[in-house]
Trainee: 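Just passing along the structure, written as structure tokens.
Model, not experiment: these values are computed from the prediction.
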Amino acid sequence: TLERPDLDELNDFFGCDVEGDFDVIEASFPISLFGRTDGSFNKLRNSLLKHYAGFHEDKFDLMICTHNEAAFSEPGIQYIHFPEAVNEDVFLKDGEASFDLDRDRSLVHKAYLRIVEQYIPDKNKVSQNKSLCNSNYTKEVFEEAYDSEGDVLNPPVSMEFDEKKDFDLREDAFICVGRIAPPKDQKGIIRIFDEINKELDLPLYIVGEGSSDYADEVREMASEREHVVFEGRLSRRELKEKITSVKYGIHNLRGEHYGLAPAEMVKGGCIVFVREKGGQTDIVGNNERLIFKSEEDAVSKIKDVVEDRD
């Protein structure tokens, strides 16, 4: 690992009681530098860490990687959040599980990825592992990329709801939960509810944090509309209360690897609408009435479901 895990924090978040009766091998310099970066160097950091782990393989009976593909000398276990060696943008655009990481990238990004590619795990060694995937979407990409079978094991949804308000007693309103960032497309969600509220009275609560220009723009858009409330960051207790106070949820990220936010909303008793193409469709039971392909499609399907329940 790059940093010693904070067991108190992890136990509190996941509701576990794991004790620290195990040894921790921390990667040495210079790999250790990447343990304190943001997501900018994820691919390089993870590739270097797995390369480093290979030097210790002879000390153990079984190697387990909890962060995507790994190349072990003997078959091991790997948990796939999304194949790191696959260009996800190409897959979403063309349906091709391409290993061409630098396709459609800027020159700077291409130079960085050229370095990353030197440490990408060997395809044959990846294929020999027992592969667990976080969703059917990830499984589809992994199997196409590596011509190897994977099994689906969804991540745990740690949020527990001790009390759920009866659905009919909840507010006729929507909630969207997640980091305020362009991939989540909260602006698109606001536009969806601009259209919906021309005919229906359905408030939208936006929950999440963000310190970017995009987050400021979303906050400003919300302030200009009576039917949109920007909640910002909420504590876990406040988030539970907000989820269980409304009837509906919406998630607008295409290509979500699993979808923890929509899973929490469903677990909290909400009817959740999600964008097509991604692990989030599993969470709503692949119900076509709840899966939208565009903003216009979302408006139509939300109206149909809400008016049908009325």
Trainee: Is there a donor-acceptor pair under 3.5 Å between the side chain of Tyr79 and the backbone N or O of Leu153?
Mentor: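 Yes: the side chain of Tyr79 pairs with the backbone of Leu153.
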Trainee: Would you say Asp194 and His227 are linked by a side-chain donor-acceptor pair, where the criterion is simply a distance under 3.5 Å?
Mentor: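 Yes, a side-chain donor-acceptor pair sits under 3.5 Å.
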Trainee: With no hydrogens and no angle check, is any side-chain donor or acceptor of Asn129 less than 3.5 Å from a backbone partner on Ala71?
Mentor: no
Trainee: Just jot down the side chain to side chain donor-acceptor pair (under 3.5 Å) partners of Glu199, sequence neighbours excluded, or say none.
Mentor: Lys303
Trainee: With rounding to the nearest 0.5 Å, note down the distance linking CD1 in Ile206 to NZ in Lys184.
Mentor: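 So the CD1 of Ile206 and the NZ of Lys184 are separated by 13.5 Å.
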Trainee: Can any side-chain N or O of Asp172 pair as donor or acceptor with the backbone N or O of Asp201 at less than 3.5 Å?
Mentor: no
Trainee: Tell me if a side-chain donor or acceptor on Glu84 pairs with a main-chain N or O of Glu69 at a distance below 3.5 Å.
Mentor: no
Trainee: Hey, is Asp216 close enough to Arg219 for a salt bridge, meaning N to O under 4.0 Å?
Mentor: yes
Trainee: What residues, two or more places apart in sequence or in another chain, satisfy ring pair (Phe, Tyr, Trp, His ring centres under 6.0 Å) together with Phe193?
Mentor: Phe174
Trainee: Do Lys187 and Glu220 meet the salt-bridge criterion of a basic N to acidic O distance under 4.0 Å?
Mentor: no
Trainee: Is there a donor-acceptor pair under 3.5 Å between the side chain of Ser212 and the backbone N or O of Ala215?
Mentor: yes
Trainee: For Glu238, is there an ion pair with Lys242 - N to carboxylate O distance below 4.0 angstrom?
Mentor: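 Looking at Lys242 and Glu238, the cut-off is not met.
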Trainee: Looking at Phe273, is Lys301 sitting on its ring face, NZ or CZ under 6.0 Å from the six-membered ring centre and within 45 degrees of the normal?
Mentor: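 The answer is no; the distance or angle limit is not met.
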Trainee: Using atom types as modelled and distance alone, determine if a side-chain donor or acceptor of Thr138 lies under 3.5 Å from a backbone N or O of His81.
Mentor: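 Side chain of Thr138 to backbone of His81: a pair is present.
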Trainee: Look at the side chain of Gln280 and the backbone N and O of Pro262, then say whether any donor-acceptor pair between them is shorter than 3.5 Å.
Mentor: no
Trainee: Please determine whether a side-chain nitrogen of the Lys or Arg among Arg237 and Glu241 lies less than 4.0 Å from a carboxylate oxygen of the Asp or Glu.
Mentor: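 Counted as a salt bridge, because a side-chain N and a carboxylate O are separated by less than 4.0 Å.
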Trainee: Test your reading of the model: is there a side-chain donor-acceptor pair from Gln128 to the backbone of Gly76, 3.5 Å cut-off?
Mentor: no
Trainee: If the threshold is 4.0 Å, N to carboxylate O, is there a salt bridge linking Lys267 and Glu160?
Mentor: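 Between Glu160 and Lys267 there is a salt bridge, with a charged N closer than 4.0 Å to a carboxylate O.
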